[in-house]
Asker: 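Encoded as structure tokens, here's the structure I'll be asking about.
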Amino acid sequence: MFITFEGLDGSGSSTQARLLFEHFEKNKVPSIQTKEPTNDTPIGKLIREYLQHKHKTNAQALQLLFAADRENHLFQTILPAIESNKIVISDRYLHSSIAFGSHCEKDFSWLKNLYKDFIQPDLVFLLQVDPKTCIQRISERGEAFELFEKEETLTRIWKYYELLAQENDNIHVIDGHQSIEKIHAIITDTVS
Ligand code: ADP
């Protein structure tokens with residue numbers, strides 16, 4: 001089984017991915033927790049540097065780097081784990097690329113097409129949190145703002161997440177303003 005977590009930055013996706021992984025560990029369910037962009041690969045590192053404004057490129061080149069990172073992540077980590085019957089939990093996957101990378105309908109079609117042959121998660125948990133709250137949570141985290149973390153940008157990204165949720169039955173939208181524990185309970189109920 002392949003489960004992914006999605007949402008705006010600050011929506012709580014990392015928190016919920018970690019809690020679900022801990023839940024599986026506690027219940028001795030074989031599973032792995034992973035994330036995109038990947039942390040420990042040259043492609044993932046390069047993407048983070050672009051997001052932190054250390055280099056400049058155009059939007060399409062950045063999206064193709066995300067695609068390369070994802071293809072490598074599938075080959076190196078996700079598919080081997082699925083083949084050995086582990087549950088894979090990924091904090092972000094292709095729906096992030098499509099939503100974050102769409103500046104207009106044309107981008108949205110291009111990105112959906114780019115990922116049409118990638119494996120689809122069995123379950124996607126999309127945490128809905130309004131952009132103002134996301135920005136507040138990000139600033140409390142005390143990190144420098146990355147490329148995508150401006151309120152109007154987050155509003156645009158959410159519009160494309162909503163379109164994806166309308167088009168895909170495997171996407172479960174959860175109200176991410178609820179407490180961390182309540183959201184975790186909804187997620188474990190859905191998974192079981
Ligand atoms: P993301 O991975 O989506 O960027 P995080 O899981 O890192 O988000 O959460 C961002 C911040 O918001 C963290 O400081 C986290 O503790 C906090 N947070 C996560 N979920 C909630 C929630 N349901 N209510 C309040 N704060 C939350």
Side-chain angles (χ1 to χ4, degrees), residues 2-26 31-41 43-45 47-54 62-63 65-66 69-70 73 77-78 87-102 111 121 123-165 168 170-191:
F2 182 22
I3 302 171
T4 65
F5 284 84
E6 294 288 349
L8 300 176
D9 288 337
S11 63
S13 67
S14 312
T15 304
Q16 293 301 330
R18 178 179 51 77
L19 289 176
L20 183 61
F21 178 64
E22 288 170 3
H23 169 80
F24 286 147
E25 274 195 317
K26 206 171 80 193
S31 55
I32 65 157
Q33 185 188 358
T34 186
K35 69 175 295 178
E36 292 188 358
T38 55
N39 264 334
D40 48 0
T41 65
I43 310 172
K45 282 191 189 119
I47 291 173
R48 282 175 207 283
E49 288 175 10
Y50 277 107
L51 294 178
Q52 292 157 3
H53 312 281
K54 290 183 184 157
L62 181 60
Q63 291 308 322
L65 275 181
F66 275 105
D69 186 46
R70 179 156 302 123
H73 188 210
T77 309
I78 298 174
I87 298 184
V88 176
I89 301 168
S90 185
D91 179 11
R92 307 196 171 282
Y93 184 60
L94 53 80
H95 298 102
S96 283
S97 287
I98 299 171
F100 282 69
S102 292
L111 287 164
L123 272 174
V124 182
F125 292 109
L126 172 56
L127 299 167
Q128 187 268 319
V129 175
D130 78 79
K132 272 201 176 61
T133 308
C134 288
I135 299 275
Q136 196 185 336
R137 289 184 188 173
I138 296 163
S139 55
E140 281 165 10
R141 204 160 57 181
E143 285 167 19
F145 276 33
E146 291 188 346
L147 194 60
F148 290 121
E149 293 166 349
K150 295 201 184 87
E151 192 179 333
E152 66 269 32
T153 312
L154 294 183
T155 304
R156 185 198 73 227
I157 296 166
W158 183 256
K159 185 180 99 179
Y160 289 104
Y161 263 136
E162 272 190 318
L163 286 174
L164 288 170
N168 294 280
N170 56 349
I171 301 182
H172 295 251
V173 182
I174 298 177
D175 177 358
H177 303 90
Q178 303 174 89
S179 73
I180 291 175
E181 297 73 25
K182 170 85 178 130
I183 297 167
H184 176 60
I186 293 170
I187 289 167
T188 51
D189 268 7
T190 309
V191 169

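As the structure is a computational prediction, the values presented were derived from the model and not from experiment. FYI, the numbering just counts along the sequence from 1. All ligand and atom numbering here is 1-based and tracks the order in the structure.
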Asker: Give yes or no for whether the N/O distance cutoff of 3.5 Å, strictly under, is met between Asp91 and ligand 1.
Answerer: no
Asker: Kindly determine whether Tyr93 and Phe2 satisfy ring pair (Phe, Tyr, Trp, His ring centres under 6.0 Å), including the steps that lead there.
Answerer: CA-CA 11 Å; Tyr93 184 60; Phe2 182 22; 4.9 Å; yes
Asker: Any heavy atom of Ser11 closer to ligand 1 than 4.0 angstrom?
Answerer: yes
Asker: Just let me know how Leu127 lines up against ligand 1, side chain, backbone, both or neither, with a heavy-atom cut-off below 4.0 Å.
Answerer: neither
Asker: Quick one: pull up CD in Glu6 and CG in Leu94 and give me the separation to the nearest 0.5 Å.
Answerer: 7.5 Å
Asker: Quick one: does Asn39's side chain get under 4.5 Å of Arg48's, heavy atoms only?
Answerer: yes
Asker: With only distance considered, is Asp9 within less than 3.5 Å of ligand 1 through an N or O on each side?
Answerer: no
Asker: CD1 of Ile3 to CZ of Phe21: how many Å apart, nearest 0.5 Å?
Answerer: 12.0 Å
Asker: Could you work out, with side-chain hydrogen bond (donor to acceptor under 3.5 Å, both in side chains) as the rule, every residue matching His73, not counting sequence neighbours?
Answerer: Thr34, Glu36
Asker: Side chain, backbone, both or neither: which applies to Gln178 and ligand 1 if a contact is any heavy-atom pair less than 4.0 Å apart?
Answerer: backbone
Asker: Around atom 7 (O) of ligand 1, find the nearest protein heavy atom and jot down its residue, atom name and distance.
Answerer: Arg141 NH1, 2.9 Å
Asker: Under 3.5 Å, is there a donor-acceptor pair between the side chain of Ser13 and the main chain of Asp9?
Answerer: no
Asker: Do protein heavy atoms approach atom 9 (O) of ligand 1 to less than 4.0 Å?
Answerer: yes
Asker: With the threshold set at 4.0 Å, does a side-chain nitrogen-carboxylate oxygen contact exist between Glu22 and Arg18?
Answerer: yes
Asker: With heavy-atom distances below 4.0 Å as the criterion, list the atoms of ligand 1 near Thr15.
Answerer: 5 (P), 6 (O), 9 (O), 15 (C), 19 (C)
Asker: Please work out which of the three classes, parallel, tilted or perpendicular, describes the rings of His184 and His23, given edges at 30° and 60°.
Answerer: perpendicular
Asker: Is Ser14 close to ligand 1, meaning an N/O of one under 3.5 Å from an N/O of the other?
Answerer: yes
Asker: Less than 4.0 Å from atom 13 (C) of ligand 1, is there any heavy atom belonging to the protein?
Answerer: no
Asker: So if I count the atoms of ligand 1 from 1 in the order they appear, which ones are less than 4.0 Å from some heavy atom of Ile183?
Answerer: 23 (N)
Asker: For atom 20 (N) of ligand 1, what is the closest protein heavy atom, and at what distance to 0.1 Å?
Answerer: Ile180 CG1, 3.6 Å
Asker: Measure from the side-chain N and O atoms of Asp130 to the backbone N and O of Lys132, and report whether any donor-acceptor pair falls under 3.5 Å.
Answerer: yes
Asker: Is Leu8 near ligand 1, meaning one of its heavy atoms is under 4.0 Å from it?
Answerer: yes
Asker: Just to be sure I'm reading this right: ignoring hydrogens, which of Gly10, Ser179, Cys134, Gly176 gets closest to atom 1 (P) of ligand 1? Compare them by their nearest heavy atoms.
Answerer: Gly10
Asker: Sub-3.5 Å donor-acceptor pair from the side chain of Gln128 to the main-chain atoms of Ser11, do we have one?
Answerer: no
Asker: Counting only heavy atoms, tell me which of Arg18, Lys35, Glu181, Arg137 gets closest to atom 22 (C) of ligand 1.
Answerer: Arg137
